[in-house]
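So the structure is just underneath, and the comments pick up after that.
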Amino acid sequence: MSASGIADQFPDIDLAQQTIGIFGAVCTRDKVLADGDRVEIYRPLRKNPMEARRERVQK
């Protein structure tokens, strides 16, 4: 991922601590990528989705 330059574009993301995946499947950082793979960086949720929905419904 260092070759992608993502760390330069988003310095607030600590790639060593984030879970990553390819096309929605969690994988390890040593996974060899194939041409066309979509690498995803999963960050912690800011808010519980169920709680957020309840708040929207109450408004």
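Because the structure is a prediction, the values reported are computed rather than measured.
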How far does CD1 of Ile13 sit from CD1 of Ile6, to the nearest 0.5 angstrom?
6.0 Å
Rounded to the nearest 0.5 Å, how far apart are NZ of Lys59 and CZ of Arg56?
9.0 Å
N/O donor to acceptor pairs below 3.5 angstrom from side-chain atoms of residues 15-28, sequence neighbours left out:
residue	atom	partner	partner atom	Å
Thr28	OG1	Asp30	OD1	2.3

Arg38: partners by salt bridge (Lys or Arg N to Asp or Glu O under 4.0 Å), with sequence neighbours left out
Glu40
With clusters built from Ile, Leu, Val, Met, Phe, Trp and Tyr whose side-chain heavy atoms come within less than 4.5 Å, directly or transitively, what are the remaining members of the cluster of Met50, listed by chain and number?
none
Kindly write out the residues that satisfy side-chain hydrogen bond (donor to acceptor under 3.5 Å, both in side chains) with Arg54, not counting sequence neighbours, or none if the list is empty.
Glu51
Output all residues satisfying side-chain hydrogen bond (donor to acceptor under 3.5 Å, both in side chains) with Gln9, sequence neighbours left out; order by chain, then residue number.
none
Does Asp12 have more than 12 heavy atoms from other residues, nucleotides or ligands lying within 6.0 Å of its CG?
yes
